[in-house]
Each structure stands twice: as C-alpha cells, then as structure tokens.
**Q** 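Below: one structure in structure tokens.
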Amino acid sequence: MPYLGSEDTVRELRRSLSNPNVQSDQLRYRNTILKVIRAMSQGVDVSGLFSEMVKACATVDIVQKKLVYVFLCSYATLNPELSLLVINTLRKDCQDPNPMVRSLALRNMTNLRLTSLVEYVEQPLTAGLRDRAACVRRVAVLGWAKLHNLQPNSEIDAAVVNELYTLLRDPDPVVMVNCLRALEEILKEEGGVAINKPITHHLLNRLKESDVWGQCEVLKILQRYRPQSEDELFDILSLLDASLVSPHPPVMAATLSLFLGLCSGLPAVSLAALERVRGPLLAACGSVSREMRFTALCHIQLLLRSIPGLMGAHYKRFFCGYAEPAYIKQRKMQVLVELVNDENVAMLLDELKGYCTDVNTDTAQAAISAIGRIGRSYSDRCLEILTGLLGLKQEHITSAVVQTMRDLVWVCPQCSDTVCVALEGCEETLQDSQGRQALLWLLAVYGERISSAPYTLEVFIDGVRSEASLGVKMELLTTTMRLFLCRPAETQDMLGRLLHYCIEEETDMCVRDQALLYYRLLHCGIEETQKVLQGRRSDPSLGVLIGRPAESISQWACSFNTLKPLRQSTIESASRGSPEHVTFDPKPNTDLSNTLNCSQIEKLHSVSDSTSECTDSSADVLTSSVAAPLSLSLTPALSPEEFERLWLQQQVLHVEQGAEKLEKEEDYVFLVERIRCPVIVHCSPQSLQAAMQLVNIQTLAFTPLHTLPWRVYLYTHTQHAQCGGASHSTLIVGELLYTGEANQRVVVVKKCMDNGNVEGRQEEQVEEEATATGLSGRGSVRRYGEEEEVKVTLKQQPRDSKALKGFLSILTTVLHTLSSERT
Amino acid sequence: MSASAIFVLDLKGKVLICRNYKGDVNMAEIDHFLPLLMQHEEEGLLCPVLSRGNVHFMWIKHSNLYLVATTNKNSNASLVYSFLYKLVEVFTEYFKELEEESIQDNFVVVYELLDELMDFGFPQTTDSKILQEYITQEGAKLEVAKSKVPTTVTNAVSWRSEGIKYKKNEVFIDVIESINVLVNANGSVMSSDIVGSIKLKTMLSGMPELRLGLNDRVLFALTGRDKGKTVVMEDVKFHQCVRLSRFDSDRTISFIPPDGESELMSYRINTHVKPLIWIESVIEKFSHSRVEIMVKAKGQFKKQSVANNVEVRVPVPSDADSPKFKTSTGQAKYVPEKNMVVWTIKSFPGGKEFLMRAHFGLPSVENNELEGKPPITVKFEIPYFTVSGIQVRYMKIIEKSGYQALPWVRYITQSGDYQLRTNV
C-alpha cells in the first residue's frame with residue numbers, strides 16, 4: 001500500500017480524480033472517491049483534494065454524493081472560498097424531486113459550518129420547513145438550530161421562530177421533537193422554548209407517538225412548566241404515570257425527574273413516585289449493559305439520600321457478580337452499606353467478606369472500608385471479620401484493615417480494646433505508607449494498651465533513614481512523642497535518636513521543623529508537652545452525631561438524570577490522613593465527608609459542569625425547623641485571610657453607623673440573639689467541629705478548651721434550593737464568644753455577599769490572628785448575668801431575613817444537641 | 001441528550017471512524033481518551049464517564065472497539081449510553097459482527113448510518129428496520145439512481161412497508177426464557193429471576209393485524225377468569241409496533257408486525273425459581289501437590305423434559321497441570337486458557353443425577369499471585385418448556401384480503417447468568 005508518505009497518496013488520488021477517463025466511468029470514479037474517504041478515515045490529510053471533490057458532488061449517484069459530502073463537511077472550514085462552489089450544487093439538490101436527495105442536501109448545507117454561506121442557506125431552509133416530506137422537514141428544523149449555533153449573536157428571525165412553533169403541531173413526531181430541540185437552541189438566551197398550557201397539553205397528548213429519544217426530550221423540556229391549578233397538576237401526573245414505570249430506563253428517569261420537579265411542593269407525592277420507580281430502577285440495575293447498570297446504581301444512591309429505606313428489602317439485588325467491573329462493584333458496596341439493617345446485617349457482612357479477597361485490590365479495599373462503615377453500627381461483628389482478614393497476611397488487605405480500624409476507632413472508641421489486640425504483629429505485612437501511617441496513629445493513641453508498641457516503633461525508627469514517605473516520618477515523630485508521654489522509660493532513648501536524626505540529618509524541611517518544634521516543646525516541660533500533644537481525643541459523642549439525617553428530595557432533584565451523579569465518585573479511598581488532622585484541613589473531616597454528601601467532591605468537579613444548576617452540595621439538615629428550603633454549604637471555601645478582611649470591614653461599618661454609610665448599611669443585617677445552652681464550653685472542639693460540619697458550618701478557628709474568653713469563628717454559605725434557576729446564595733461569617741466571668745456567650749454572626757471563589761488554605765495561622773484582631777472593642781456585646789443564656793449576634797448582607805432565621809435555628813439546634821449530650 | 005461527536009476507536013485508541021455532530025468540542029480531544037482510560041484503570045478509578053477539562057467522554061466497549069461520545073454539557077447519561085448501544089445494535093444488524101474489521105470493510109455504510117442516526121447531536125432515525133430500507137450494503141455495488149423513496153420514513157406504520165407478499169402466510173413465535181441464578185457457597189440461593197422474550201418471525205402478506213393472547217394474570221383478573229396457571233410479568237417491554245394504549249387499558253397485545261425477524265416483547269419475572277440444574281461441588285486443594293474436584297449435577301425439572309447441550313464450567317487454579325477426569329456421563333475437557341474444566345452433557349433428562357471427578361496436579365512452587373474465586377457456571381437449553389409457565393393461548397391474524405395464516409409456537413428455557421459460588 002502506498003501509505004508511506006501521505007503526499008504520494010494525495011498526488012496519486014488527485015491524478016485519478018482529474019483523469020477524464022475515470023470521471024466518465026461512474027464505477028471507477030466512485031471507487032476513487034472511496035479511496036479518498038478511506039484515506040481520510042485513516043488520518044491522511046487529504047484536504048488538498050478539496051477542489052477535485054467539489055466537482056465530484058455533481059452526480060446522480062446518491063452514495064457518491066453522500067461520500068463527497070462527508071469529505072466536504074470535514075474540510076469546509078479549511079477552504080471557505082472553495083466551499084462556495086458547492087453551494088450551487090446543494091441548492092439545486094434542494095429542488096430535487098427525491099425527498100432523500102433534498103434532505104441530504106439540506107443537512108449537509110448546514111453541516112458545512114461556514115458563516116459566509118449562511119445567506120445562501122436560509123432560503124432553502126425556509127422552503128424545507130414547508131416541504132411535503134417529513135424527512136426534509138426534520139432536517140430543515142434542526143438546520144435552523146445549527147445556523148443559530150454557528151452565529152449565536154445574530155438576530156433571531158421572529159418569522160422562523162413562529163414557524164417552528166407552528167411546526168410543533170406537525171403530524172410527524174420527530175419533526176415535533178426536533179422543533180423543540182431547535183427552539184431550545186435558538187431561544188437559549190431567553191431561557192429556551194416557551195412552555196405554556198396549550199403546548200404542554202399538546203406535547204403530553206402526543207408523547208406516546210415519539211420514540212424513546214423524543215419522549216425523553218419532551219419530558220425534559222416539560223420540567224419548566226408550572227401547572228396553574230392542582231387539578232391540572234394531578235391530570236398531568238396521572239397522564240405520566242405509565243411512563244414512570246416505563247421499561248426504558250431513560251424514559252423512566254426523565255419522567256421521575258419531571259415528577260419531582262412538578263411535585264416539589266408535595267413531598268408525599270414525590271415519595272410515592274420514588275416508591276413507584278423502585279421496580280424499574282432495580283430492573284435497570286440488572287440490565288445487560290454495564291454502563292446502564294452503573295448509571296442506575298448512581299441514581300439509586302441519590303434516591304437513598306432521601307429515603308434510606310427504599311431498597312432495604314432488595315439488598316440481594318446489589319450483590320456483586322464475579323465478572324462485574326470494579327466500578328460497579330464499588331458502587332454496589334456503597335449502596336449495600338446504606339441498606340444494612342438488623343435483619344440483613346449477617347447476610348450482608350458475609351457477602352462483603354467475600355469481596356475482601358477480590359483479585360482487584362481496589363475492590364478488596366473498598367469492601368474492607370465498607371465493612372468499617374457498617375462497623376459504626378454493628379461494631380462487634382465487623383471487628384471480628386476485620387481481625388480475621390489480618391490473618392491472611394496479605395499486604396493490601398492488612399493496610400486497608402488497619403486504615404479502616406483507625407477510622408472506626410475514631411468514631412467508636414469502645415472498639416479500641418479489640419483493635420489493640422488485633423494490631424499485634426501486623427506491622428510485618430504493612431508495606432504502603434497509608435497503612436503504616438494508620439498503624440502509627442493507632443500506636444500513638446492506644447500506646448499504653450499495646451504492649452509491643454515500643455518495639456514496633458523501634459523498627460520504624462531504625463529504618464527511618466530509608467523511609468521515603470513524608471507522611472510516615474511526620475506521623476512517626478508524633479507517635480514517638482506521644483508514646484514517650486505515656487511510656488517514658490521504654491521510649492526515651494529512641495525518641496532521642498529519632499529527634500537527632502530528624503534535626504541533624506533529615507533533608508526535608510517539614511520533618512525537620514516538626515522535630516525542632518517537638519524538641520523545643522520538650523524544653524518547656526512535660527506538662528506543656530502533654531497539653532499540646534494529648535489535646536485531641538476522640539469523643540464518644542461522635543458516634544451519635546455520625547448518623548445522617550435524610551435529605552430533602554430537592555437537594556438532588558435537579559441533578560437527577562444528568563451526568564453529575566456519575567461523577568460524584570469514590571472519594572473515600574483518596575488521601576485520608578489521621579482523623580485528628582481535620583482541624584487543620586480546609587476540607588471537611590474525611591470521616592464525616594462520607595456520611596455527609598460529597599461537598600468536597602463537588603468542589604473538585606463542579607468546574608466541569610457548564611450548565612448552570614444549583615449545587616446540591618449541602619447537607620440539608622433540620623429542614624423541619626426551617627421554613628424555607630434553606631441549605632448550607634461549605635463551598636467555595638473561605639480562606640482565613642479573606643475571613644479576616646470581611647470580618648474587620650464589617651466591624652468597622654458597624655461601629656461607625658454614620659449617616660453617610662447608609663447605602664452600605666443596606667447591604668447587610670446585624671442581629672443579636674441569645675441562645676440558652678449550658679456547658680457548651682466544655683464540649684471538646686472536635687465534637688463541636690464535627691457537629692457543625694454535619695450541618696455544613698465550617699469552624700475556622702477556636703481557642704483551646706477551658707480558656708477564657710472562649711471563641712469560635714465560623715462561616716457558611718446559605719442557599720435557597722431552587723431547581724433550575726440560579727440559586728440565591730450568601731456568605732455568613734461569624735463568631736461565638738463566651739466571656740467567662742459573666743458566664744455568657746455571644747454569638748456574632750455576620751453575613752455578606754458571597755463573592756468568593758477563594759480557595760481555602762492552611763487555616764492554622766489564622767487561629768492566632770483572628771483571636772488577636774477580631775475582638776477589639778466590640779460594641780455590640782451585651783452582657784447578661786444569667787448563667788445559662790448565650791447571646792447570638794447575626795449580621796446579614798444582603799437582607800434576607802428568612803435565610804438568617806433559618807441559619808439561626810440550625811445553629812441553635814446544633815448547640816442544643818451538643819449541650820444536651822453533655823448533660 | 002446532546003452528544004457533540006461520536007467516535008469509533010480501535011483498542012489502541014486510533015480513530016477508525018468519527019462524526020462531528022455539533023462542532024462544539026474539538027475533535028482532537030479524542031487523542032486524550034485512551035491515555036485517560038489507561039491512567040484511570042491504573043488508579044482503579046475506571047468509570048464509564050471520563051473527563052478532561054470540560055469535555056466528558058462517555059464510552060462503551062464492544063469486542064475490539066471503543067464507542068465514545070463526547071460532550072461538554074451535563075447531558076443525560078443513560079440516554080447517551082442507550083444511544084451507543086443502539087449504534088452497536090444497528091451496526092450488528094448490518095454487519096453481523098461489529099468489530100474493527102467490519103467497520104473498516106463497510107466504512108461507507110457506517111458513514112451513511114451515522115448520518116441518519118443522529119443530527120446535531122440528537123438521535124433521529126434509529127430503527128434498523130427502517131434504515132435497512134434505504135441504506136443497503138448493495139449501495140456500494142453501484143446501482144445507478146437507487147433513489148426509491150422509502151415510504152417508511154414518512155409512513156404512519158414506520159416499521160413495515162406496504163406491498164409485502166408471501167406465497168404461504170406463516171408466523172413463527174418463539175418464547176424464550178433465560179434464568180439468572182446466583183447460589184452462595186453454602187448452597188443458598190442468593191437471587192434468581194427469569195428474563196423472557198417473545199420473538200417473531202413474520203412471513204405474512206400485506207398489512208396484517210395480529211393479536212396475541214397470553215396467560216397473563218392481570219388479564220385473567222380483568223376478565224374474571226381464573227382457571228389454569230397464570231403468570232405475573234414485570235417490566236414488560238414491547239416492540240414499538242404494539243399499541244401500548246390498548247395494553248394499558250385492557251391488556252390486549254395487538255399490533256401490525258414488522259416483516260421478518262423481530263423481538264415482540266420482553267419481560268421479567270421476579271419469583272423464586274428452583275435452580276433447574278443443581279450443582280454440588282467439593283473442591284479440595286492440597287497445596288503443592290494436587291486439586292481434587294467432585295461435581296454432582298442434578299436436573300430439577302420435569303422427568304418428561306430434557307436439557308440439551310449442558311455445559312458445567314468448573315474453575316481450576318491457573319497453575320494446575322496433568323488433568324485426569326472421570327464422568328458418569330458426557331465428556332470433561334480442560335481449557336487451560338480459561339482456567340476451567342468444561343463438562344459437556346449432550347442430553348440431560350429431568351430428575352437424573354450425574355457425577356464428574358477431576359484430578360489436577362499442582363506445582364511444588366506455589367504461585368504467589370492472588371487468585372479470584374470464580375464461580376461455577378452452567379449453560380443449558382430445555383426445549384418445549386418454560387419455567388414461568390407462560391403460554392401463548394392464541395394468535396389471531398386478520399388481514400384485509402382474508403387469507404388463512406398459520407401461527408407456530410415454540411418454547412425454550414435456557415440459562416442466563418447462572419452462577420454457583422464455590423468454597424475454594
């Protein structure tokens with residue numbers, strides 16, 4: 001084959017294309033054209049043959065025409081001038097008696113994508129809209145959409161739009177649906193095709209005539225319609241009922257989406273609809289195509305966020321087949337974790353146990369962490385399985401088990417005895433840094449109970465020179481320090497060696513600085529060291545808080561049946577550090593992020609979704625106490641610097657409430673409230689933070705325990721969940737203050753415009769800064785002698801009293817919950 | 001929906017054929033597809049949607065091809081996958097096998113089809129029966145002015161052309177049920193269901209009007225009859241020719257059939273079925289020396305029925321060697337490339353029990369790689385029998401010309417995803 005050089009090929013082809021003998025012999029001519037197209041498909045640049053190919057399109061042979069058009073459409077943008085020559089042939093074809101030829105010509109005319117040709121295309125397109133043959137009308141209708149897409153800023157021809165609206169009543173269902181699609185494209189700026197009552201009813205009545213694609217399109221567009229009366233709404237719903245259980249998953253999903261949109265004010269109806277789609281959804285989970293199965297699973301996960309019990313009885317449908325791809329298995333396990341209850345727990349764990357030895361290490365690790373998640377409610381059974389897995393002495397399994405145990409122990413400290421026993425001897429099998437970090441963390445926290453802890457540590461310290469992972473070194477330093485505090489005699493020597501190595505020989509600055517810090521800390525005396533190192537302990541109340549409240553459907557309804565649920569993927573395994581590191585982590589606690597939904601995933605992926613949809617990233621907790629569907633969100637993260645700037649600026653404004661600031665005053669509201677909540681100060685910072693994060697309030701910084709005055713700085717974003725439309729969002733920055741002697745706490749919260757896509761940075765530094773600067777001379781703090789009363793001050797910008805009240809009630813509930821747990 | 005472009009790639013990621021429908025995603029983006037796929041696979045994060053910047057690739061794999069749709073919108077995922085599978089379906093009906101070679105040999109038709117299937121990112125004519133009316137492979141063999149207007153494109157009955165003639169008017173009805181079973185290692189049935197389909201081969205003249213009667217429980221309840229066995233069907237899916245409105249109102253299945261072969265309907269029955277072929281297995285692995293396998297198969301169906309071409313596939317360790325077999329019936333064969341023993345029984349009467357013993361040697365140096373625990377799978381086919389008990393009660397054929405036509409019915413039960421887990 002002469003494909004060595006594309007130039008030769010092109011030259012060869014050109015010669016035969018322009019050979020009159022070839023041109024006169026139709027068969028040879030077509031074969032030559034075939035060769036050109038083949039070369040084009042193979043990636044040879046044949047754009048040089050454009051003028052020869054233009055000549056070839058004047059033929060009666062329809063196949064040859066199609067081939068030439070394929071060529072021309074691919075290279076037209078490179079040869080705008082020469083393309084002008086084609087237009088004549090195309091326009092002539094539009095007059096052809098054969099409707100196939102007419103539609104072909106029209107389609108390719110618009111596929112050339114050349115603005116210079118628009119004036120020649122408009123006339124045939126207009127004629128095409130009135131063509132007798134439906135296949136021509138189909139093409140013509142979409143042709144207008146293409147034309148508009150080519151020149152998005154051009155003026156919209158009202159006559160064409162009117163004609164398209166008329167064609168919605170075309171007898172051909174595809175023409176009807178294409179009209180919808182075209183109008184959506186052309187009227188994008190105005191929010192798409194106008195959906196009024198007559199159009200809605202017309203579309204609904206003809207829904208059955210369309211194919212699957214058309215039905216989905218119609219159902220999607222109908223989401224914008226708001227029925228005028230309740231009777232009309234229920235008429236529509238009953239009309240759609242058959243589609244809701246359609247055996248075609250896309251139609252079923254589109255119908256459900258429409259249902260949820262229509263019934264956003266009727267939660268009972270929405271729930272009934274979700275119950276109704278259970279069957280079809282489960283069927284989709286068993287569909288032959290694995291992609292469809294995957295899609296169905298992702299959507300089931302969405303549904304479970306609102307109705308955790310929806311699939312409870314059908315848990316067996318989520319058992320994994322041997323040959324299923326890893327992504328399906330992992331999703332299925334995520335679903336299984338949600339479905340666990342007293343009846344099925346034994347069966348479910350048995351099944352999950354089988355997956356732990358899967359050949360695919362990721363699947364195995366996902367299974368192990370799934371067991372860990374179940375362990376939060378059924379710890380004994382799960383620990384038994386996890387301990388058993390350690391006996392296999394498999395590297396990746398042991399690593400996953402140790403990490404899972406670490407995470408489990410953090411929320412269920414009562415498991416620690418079993419874990420301590422299980423840990424003995426597993427350091428030999430651990431290879432990867434994640435697993436060893438987890439082991440070190442466990443040794444640090446439960447060092448006094450694990451007899452072999454110093455020996456294990458010694459092995460690590462002896463090998464520190466060859467240690468590659470930064471994380472392990474840092475963890476090792478902390479662990480040795482902590483172990484030194486509880487078992488000084490056994491650890492003193494090795495701590496000395498480790499510190500010496502890290503300070504004198506280590507090249508990594510992070511490790512060296514950490515070591516220096518600890519070294520200097522030790523100089524301050526053992527008590528100080530203890531205060532710093534053993535400050536953070538896991539709190540039993542975490543286990544209570546971890547339970548996830550059901551979300552309202554509106555939280556996810558707008559992303560239902562799109563690409564998004566598929567993209568909110570497995571963050572679980574991604575970079576998890578020790579649980580206590582969360583305080584310094586701008587993202588939510590890794591443990592909690594699983595139980596919350598994916599606000600951090602959101603942050604990673606939201607860039608990619610170009611359509612404007614409301615972010616459903618927030619955990620809408622305690623909706624019952626909020627009148628409007630208000631939700632809080634942590635994204636975009638607010639950096640400490642930004643926080644400080646906003647805080648101070650607001651404060652200045654507040655202090656000089658001069659008349660000249662009046663217009664600026666309009667922008668925000670300042671509110672002082674008192675909350676009765678005793679003993680909240682004695683609640684550990686971790687629990688407070690965890691509780692706040694559960695409702696998506698980020699605590700930015702706080703003073704240490706038992707220090708007075710006690711302060712917490714926090715922020716959040718409020719959002720009105722509005723499907724389809726842009727959500728109205730604001731930023732709240734605030735402070736909790738407890739002044740000690742007077743036994744009162746003041747909460748000052750400010751709210752201002754959300755202007756930030758400011759990325760979060762390390763928030764450690766701000767702790768001091770914020771406390772130092774934030775509190776100088778606040779005039780608003782009112783003192784109250786009463787012991788159990790706490791004052792809350794809220795500020796808001798722009799005014800939105802509903803959101804403010806909503807936020808306040810959420811905050812109140814959290815504080816109450818925390819203090820009631822304490823007493 | 002809105003797919004911006006559709007690509008067909010070979011396993012190396014080279015574009016075999018592509019079609020740019022919207023022009024809003026750079027066609028060169030596809031070069032990143034395979035590297036992205038590899039990277040995700042390595043990280044264990046492979047997923048049917050891959051993204052790079054704001055371009056999303058939605059892909060499926062079919063034999064040695066990747067079919068990829070690109071989009072930069074937050075489009076409806078299930079619809080895009082449905083479309084990609086529709087492509088596979090249409091191409092398969094055209095070329096029998098859809099693979100790299102058939103794409104390359106038929107690229108003209110593929111271009112034509114891609115042109116008709118989708119326009120501006122929206123699916124248009126996707127019914128392969130209709131497409132076959134005006135896009136034919138013979139087109140490539142040059143018949144000048146092959147310009148017959150396909151009436152079906154605009155026809156009210158889009159799936160059947162007018163003027164079809166047969167000397168002998170017949171219709172063949174196949175009722176095929178496949179059983180999916182998952183049995184745990186301890187012998188308990190984890191899940192089971194039946195997926196049925198009714199296939200037609202229509203050889204009827206003109207525009208006949210057909211009515212199919214089944215022993216559908218809902219229908220019987222509607223008409224007040226409750227004699228004999230009835231079945232409850234779930235997720236009933238019909239060919240577009242069936243008048244859904246009539247089915248919804250009075251459960252009548254009435255339709256004008258497409259000519260030739262077609263699938264009239266499919267359904268699922270979610271009852272607890274007894275696994276028709278029960279397998280008990282004992283697999284003993286003596287490290288460094290041998291594996292001993294004992295498999296007992298029992299036919300748990302009526303004595304009058306016979307299962308044909310039964311294949312019991314038993315997994316063996318990948319490093320096993322020197323196989324020895326003993327069977328009470330049929331033949332056992334070692335398939336080393338799939339690491340399994342295939343035990344074939346040509347005919348397996350109901351109620352009977354058969355036994356197979358296998359013995360393998362194991363190398364003294366143990367394979368360190370972790371091996372999965374593949375289940376035992378069974379393949380079989382039982383003619384003249386349906387597990388669910390579904391029956392065609394009648395098939396009425398009415399045509400204007402009033403000819404007599406014969407309906408023929410055939411029942412087959414076969415294995416679907418039939419897995420029994422093992423202990424080893």
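Naming convention: chains lettered A, B, ... in sequence-line order (proteins, then strands); numbering from 1 in each chain.
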**Q** Yes or no on side chain to side chain contact (heavy atoms under 4.5 Å, CB included) for Arg181(A) and Phe120(B), after CA distance, side-chain angles and deciding distance?
**A** CA-CA 10 Å; Arg181(A) 292 161 169 161; Phe120(B) 198 51; over 6 Å; no

**Q** With a 4.5 angstrom heavy-atom cut-off, is it the side chain or the backbone of Val55(B) that approaches chain A, or both, or neither?
**A**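 The answer is neither part of Val55(B).
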
**Q** Could you tell me whether Asp115(B) and Lys66(A) make a salt bridge, using a distance below 4.0 angstrom between a side-chain N and a carboxylate O?
**A**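 Not counted as a salt bridge, because no side-chain N and carboxylate O are separated by less than 4.0 Å.
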
**Q** So which heavy atom on Leu79(B) is nearest to which on Pro250(A), and how close?
**A**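 Looking at all heavy atoms of both residues, the shortest contact is CD1-CB, 3.3 Å.
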
**Q** Counting C-beta onward and ignoring hydrogens, is there a side-chain heavy-atom pair between Arg138(A) and Thr125(B) closer than 4.5 Å?
**A** yes

**Q** State, with a plain yes or no, whether a side-chain heavy atom of Leu282(A) is found less than 4.5 Å away from one of Glu234(B).
**A** no

**Q** Please flag which part of Lys86(B) lies under 4.5 Å from any non-hydrogen atom of chain A: side chain, backbone, both or neither.
**A** side chain

**Q** So which part of Tyr315(A) gets closer than 4.5 Å to some heavy atom of chain B, the side chain, the backbone, both or neither?
**A**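 Contact with chain B: none, neither part.
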
**Q** The test is side chain to side chain contact (heavy atoms under 4.5 Å, CB included); show your working for Leu182(B) and Lys316(A) and say whether it passes.
**A** CA-CA 10 Å; Leu182(B) 178 64; Lys316(A) 282 187 182 171; over 6 Å; no

**Q** Decide side-chain hydrogen bond (donor to acceptor under 3.5 Å, both in side chains) for Ser41(A) and Tyr111(B); before the verdict, give the C-alpha distance in whole Å, the side-chain angles of both, and the deciding distance to 0.1 Å.
**A** CA-CA 10 Å; Ser41(A) 310; Tyr111(B) 272 126; 2.9 Å; yes

**Q** Is there side-chain contact between Glu116(B) and Arg107(A), with at least one heavy-atom pair below 4.5 Å?
**A** yes

**Q** Tell me which of these, Leu244(B), Asn184(B), Ile60(B), has more heavy-atom pairs under 4.5 Å with chain A than the rest.
**A** Ile60(B)

**Q** Give the minimum heavy-atom separation between Met292(A) and Ser82(B), together with the two atoms involved.
**A**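 Closest approach of Met292(A) to Ser82(B), heavy atoms only: CE-OG, 3.3 Å.
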
**Q** Does any heavy atom of chain A fall under 4.5 Å from the side chain of Gln124(B), the backbone, both, or neither of them?
**A** both

**Q** Under a 4.5 Å heavy-atom cutoff, which of Thr295(A), Leu104(A), Asp350(A) has the most pairs with chain B?
**A**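 Of Thr295(A), Leu104(A), Asp350(A), Thr295(A) has the most heavy-atom pairs under 4.5 Å with chain B.
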
**Q** Using side chain to side chain contact (heavy atoms under 4.5 Å, CB included), reason through Glu112(B) and Ile62(A) one step at a time and then give a plain yes or no.
**A** CA-CA 11 Å; Glu112(B) 285 185 66; Ile62(A) 219 171; 5.8 Å; no

**Q** Under 4.5 Å heavy-atom distance to chain B, tell me which part of Arg290(A) shows up: side chain, backbone, both or neither.
**A** both

**Q** Please flag which part of Met27(B) lies under 4.5 Å from any non-hydrogen atom of chain A: side chain, backbone, both or neither.
**A**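 No part of Met27(B) comes within 4.5 Å of chain A.
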
**Q** Could you report the tightest heavy-atom contact between Lys73(B) and Leu563(A), atom names first, then the distance?
**A** O-CD2, 4.0 Å

**Q** At their closest point, which heavy atom of Asn561(A) faces which heavy atom of Ser78(B), and how far apart are they?
**A** OD1-OG, 3.7 Å

**Q** Could you grab the distance from atom CG of Asp119(B) to atom OG1 of Thr110(A), nearest 0.5 Å is fine?
**A** 6.5 Å

**Q** Could you tell me whether the side chain of Met190(B) reaches within less than 4.5 Å of the side chain of Met347(A), counting heavy atoms only?
**A** yes

**Q** Please look at Glu185(A) and chain B and tell me whether the side chain, the backbone, both or neither of the residue comes under 4.5 angstrom of a heavy atom of that chain.
**A** side chain

**Q** What part of Arg421(B) gets closer than 4.5 Å to chain A, counting heavy atoms only: side chain, backbone, both or neither?
**A** side chain

**Q** Which bit of Asp211(A) is near chain B, if near means a heavy-atom gap under 4.5 Å: side chain, backbone, both or neither?
**A**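 The side chain, not the backbone.
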
**Q** Could you look at Glu351(A) and say if it's the side chain, the backbone, both or neither that has a heavy atom under 4.5 Å from chain B?
**A** side chain

**Q** Which bit of Ala326(A) is near chain B, if near means a heavy-atom gap under 4.5 Å: side chain, backbone, both or neither?
**A** neither

**Q** A quick test of your reading: do over 12 heavy atoms of other residues, nucleotides or ligands sit less than 6.0 Å from NZ of Lys208(A)?
**A**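 Yes, NZ of Lys208(A) has more than 12 neighbouring heavy atoms, counting only those of other groups under 6.0 Å.
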
**Q** Could you state the interatomic distance from CZ (Phe122(B)) to CG (Leu180(A)), rounded to the nearest 0.5 Å?
**A** 10.0 Å

**Q** Do Glu291(A) and Val80(B) come within less than 4.5 Å of each other through their side chains, counting heavy atoms only?
**A**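 Not in contact.
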
**Q** Would you indicate whether the side-chain heavy atoms of Val108(B) and Ile37(A) approach each other to under 4.5 Å?
**A** no

**Q** How long is the straight-line distance from NZ of Lys22(B) back to CG of Asn149(A), given to the nearest 0.5 Å?
**A**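 Output value for this atom pair is 6.5 Å.
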
**Q** Can you tell me how far apart OH (Tyr81(B)) and CZ (Arg293(A)) are? Round to the nearest 0.5 Å.
**A** 13.0 Å

**Q** Contact part of Val174(A) toward chain B, heavy-atom cut-off under 4.5 Å: side chain, backbone, both or neither?
**A** side chain

**Q** Need one label for Gln240(B): side chain, backbone, both or neither, based on atoms under 4.5 Å from any heavy atom in chain A.
**A**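 Contact with chain A involves no heavy atom of Gln240(B) at all.
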
**Q** Does Lys353(A), at its NZ atom, have more than 12 non-hydrogen atoms belonging to other residues, nucleotides or ligands within less than 6.0 Å?
**A** no

**Q** Can you say whether Leu16(B) sits under 4.5 Å from chain A via the side chain, the backbone, both, or neither, judging by heavy atoms?
**A** backbone

**Q** Any heavy-atom pair between the side chains of Tyr322(A) and Thr377(B) that's under 4.5 Å?
**A** no

**Q** Check each atom of Val189(B) against the heavy atoms of chain A and say whether the ones under 4.5 Å are side chain, backbone, both or neither.
**A**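 For Val189(B), the contact with chain A is made by the backbone alone.
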
**Q** Over all heavy atoms of both residues, which pair between Cys47(B) and Leu566(A) is shortest? Give the atoms and the distance, please.
**A** SG-O, 4.3 Å

**Q** Are side-chain heavy atoms of Lys564(A) and Asn74(B) found at a separation under 4.5 Å?
**A**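 Yes. Closest side-chain heavy atoms under 4.5 Å.
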
**Q** Provide the closest heavy-atom pair for Arg38(A) versus Gln104(B) in the form atom of the first, atom of the second, distance.
**A**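 So the two residues come closest at NH1-O, 3.4 Å.
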
**Q** Quick check on Val49(B) against chain A: is it the side chain, the backbone, both or neither that has a heavy atom closer than 4.5 Å?
**A** both

